[in-house]
S.K.: 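Just dropping this structure here.
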Amino acid sequence: MRKLNSIRLKNNKVTENLETVELPIPKKVKIPMIMSIGDACIPSVKVGDEVFVGQKIADSNAFLSLPIHSSVSGKVVAISYYNLANGKTCKAVEIETDGKQTLSPNISKPLITSKDSFLHALRESGSCGLGGAGFPTYIKLDPKTTIKTLIINGAECEPYITSDYRQMMESPDDIINGIKYVMQCLNIPKAIIAIEGNKPKAIEVLKKRAENSSEIEVVALPSRYPQGAEKVIIYTTTGKIIEEGQLPSEQGIVVINISTIAFIYQYIQNGIPLVTKRITVDGDAIQNPCNVFAPIGTPVSDILSFAKAETDEIKKLLLGGPMMGMSLYSLDTPIVKTSNAVLAFKTYEKRLESPCIRCGRCVSVCPLNLMPVEIEKSYIHNKVDELKKLKVSLCMNCGCCSYTCPANRKLAESHQLAKALIQKG
Amino acid sequence: METYVIPILIFSGIGLIAGILLHVASKTFEVKVDEKIEQINEALPQINCGACGYAGCADYANAVAENDVPANLCKPGGNETARKISQILGKDVVEIVPELAVVHCNGDCNATTKKFIFDGIQSCVAAKRFYNGDGVCTYGCLGLGDCVAVCEYGAISIKDSIAYINKSACVSCGKCVKACPNQLISLRPVSKHIDVACSSRDNGKITKLNCKNGCIGCKICEKKCLSDAIKVVDYCAEIDYEKCTVCGACYEACPTGAITNCSIKI
């Protein structure tokens with residue numbers, strides 16, 4: 001097996017030993033109608049309605065869509081618009097909280113008797129890939145082929161983020177039980193828990209829990225970025241290559257984030273849908289770095305003030321990790337299902353772009369062996385056929401090329417634009 | 001003697017055979033080129049802009065000569081080219097209504113503000129993908145010049161962070177219309193010089209907050225219009241140029257300056 005190209009990043013996992021704390025209930029939450037991939041949901045509540053924790057407030061019939069639940073109890077005050085980082089605009093339900101966090105009376109333990117009822121319950125839970133991509137879990141676990149291997153992704157290869165690590169340390173039983181439950185429901189013979197080698201404690205904890213079950217294997221991955229990317233983790237754990245346009249399930253593999261699997265088990269136990277997220281708050285503008293449980297829809301400003309951030313000093317604010325996270329321009333941006341970190345920095349260095357010197361460093365770090373320099377050139381000249389030949393659609397936007405480029409060229413961004421260009425035709 | 005005669009004979013022989021072969025080949029494989037097509041092609045401006053709807057000038061020349069395609073589709077060439085083509089084909093001359101590209105945004109840096117500093121690839125398409133653009137108005141001109149880059153005539157420039165079109169340089173080829181990710185540019189007859197310089201579909205309150213020059217959908221123009229040519233759709237006025245008589249009543253009545261009159265302001 002070949003070693004995939006990757007880069008080594010400074011871990012900066014300052015918050016790894018800090019236990020997750022509950023965030024004080026925010027005064028107001030704003031829940032966007034697009035949180036995972038797929039079409040926007042249609043709000044089923046009106047302005048003035050009373051809502052409770054876990055109450056379904058939006059749903060859609062479109063493929064890939066997931067229901068959305070209220071994360072707080074209170075009153076709907078507005079249905080406004082929200083600009084997503086990818087340029088889309090969707091509706092958002094704004095709820096003023098009453099601070100009581102009353103559970104919705106409709107919440108009950110889901111009744112699971114078969115695979116179908118399990119998948120239905122998964123849809124109702126609003127569960128999607130919590131690592132960042134946000135692919136609905138009920139579709140992921142219902143492939144046309146039989147699943148032979150379940151990979152649990154606990155790589156968490158991005159610097160700063162420790163939310164998955166805290167998940168492993170704080171509730172490892174949920175993870176193991178969740179894996180066993182999913183394996184039993186879907187008849188999966190084997191599961192691999194893949195964790196980066198820089199988290200020895202987590203590996204030890206999970207190995208201990210999985211001791212008695214021979215079908216669950218805990219694997220230590222090399223601590224390189226991007227180890228947690230789906231294609232990379234499949235290759236390093238099983239040696240299988242996912243071709244262009246192929247889904248992992250076509251090779252009999254399903255990759256699930258470690259927090260998602262723990263959530264599935266919690267949902268089966270108590271029936272509370274996905275309404276809170278574990279968020280890492282870090283960065284040099286934060287005086288009190290921490291891990292918090294935040295209700296979905298919490299404005300970033302609430303989290304920052306809880307972590308005692310020097311709000312005026314912030315020059316760069318990220319939702320997500322430094323490699324794949326998105327810059328925020330407004331402190332009112334809400335936390336969504338796929339968020340896992342809020343990073344605030346005091347410094348922002350404008351990277352001046354200069355011409356490509358054809359050193360080929362981007363080619364030597366691309367985990368998928370693409371040629372970023374050629375892709376960028378073809379994009380500039382609008383050569384769609386050339387871009388297809390260079391297989392830009394494989395790019396997973398990990399950002400290794402942009403990170404390593406000595407000329408500071410915006411390679412990863414141009415790949416995203418190139419993908420959009422191909423789709424446009 | 002022989003040393004001279006034999007080579008000369010050999011070469012003359014080869015020349016003769018090759019000549020005959022070439023002659024036969026040119027007769028059997030002859031491609032009949034319509035002289036008209038060549039003439040039309042010469043009359044066209046040869047910039048291959050595609051405004052006529054064909055792949056380029058040669059393609060259009062073919063189409064005009066062989067099919068019943070109107071002779072006045074070449075906008076950059078204008079009336080002169082249309083006349084030449086009609087003469088070549090012996091058709092009646094159909095005049096082109098001269099058109100002009102106009103930008104439906106008046107939100108320059110004095111009128112509106114930015115949400116954040118966009119530090120990605122400096123193109124409108126890239127900016128549009130990131131939070132719908134860096135301006136507070138998500139419908140307005142992004143000012144990064146995708147239209148400038150496609151214009152072959154240098155007719156577009158960015159002034160005060162929005163696109164301006166030089167009336168005298170624009171040949172109405174329509175390339176910029178396709179390049180704008182916010183669909184802000186459209187073509188209209190040169191003589192109808194009243195434009196709605198706003199495309200905001202936000203309601204009046206939000207538009208007013210975002211931009212001083214935005215159309216707030218107050219419908220005053222609709223009431224003032226004598227020929228029923230202006231209509232407010234989704235909080236934004238739209239002019240039907242078939243009906244517009246360029247009286248200027250809407251321009252004078254507009255409280256925000258969202259309607260511009262090109263004969264006065266360039």
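Here is the naming used below: chain letters follow the sequence lines, and residue numbers restart at 1 for every chain.
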S.K.: Non-hydrogen atoms of chain B under 4.5 Å away: do they reach the side chain of L328(A), the backbone, both or neither?
M.R.: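 Both parts, backbone and side chain.
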S.K.: What is the distance from atom CD1 of I117(B) to atom OG of S327(A), rounded to the nearest 0.5 Å?
M.R.: 11.0 Å
S.K.: How many angstroms lie between atom CD of Q122(B) and atom NZ of K410(A), to the nearest 0.5 angstrom?
M.R.: 6.5 Å
S.K.: Just by modelled atom types, is the G120(B) backbone N or O under 3.5 Å from a matching donor or acceptor in the E413(A) side chain?
M.R.: no
S.K.: What residues of residues 130-148 of chain B sit under 4.5 Å from chain A when you count only heavy atoms?
M.R.: F130(B), Y131(B), N132(B), T138(B)
S.K.: Are there residues of residues 51-78 of chain B that reach to under 4.5 Å of chain A by heavy atoms, and which ones?
M.R.: none
S.K.: With a 4.5 angstrom heavy-atom cut-off, could you sort out which part of Y82(A) is near chain B: side chain, backbone, both or neither?
M.R.: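 Neither part.
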S.K.: Quick check for you: to the nearest 0.5 Å, what is the distance between D202(B) atom CG and Y81(A) atom OH?
M.R.: 9.0 Å
S.K.: Around K231(B), counting heavy atoms of other residues, nucleotides and ligands shown, do more than 12 lie under 6.0 Å from its NZ?
M.R.: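 It does: K231(B) NZ has more than 12 such atoms within range.
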S.K.: Any non-hydrogen side-chain atom of L417(A) less than 4.5 Å from a side-chain atom of R129(B)?
M.R.: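 Yes, close enough: below the 4.5 Å cut-off.
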S.K.: Quick one: pull up CG in D119(B) and NZ in K316(A) and give me the separation to the nearest 0.5 Å.
M.R.: 6.5 Å
S.K.: Heavy-atom distances under 4.5 Å only: say whether K115(B) touches chain A with side chain, backbone, both or neither.
M.R.: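 K115(B) touches chain A through backbone and side-chain heavy atoms alike.
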S.K.: When rounded to the nearest 0.5 angstrom, what distance separates CD in Q416(A) from CD1 in I121(B)?
M.R.: 10.0 Å
S.K.: Quick check on S330(A) against chain B: is it the side chain, the backbone, both or neither that has a heavy atom closer than 4.5 Å?
M.R.: neither
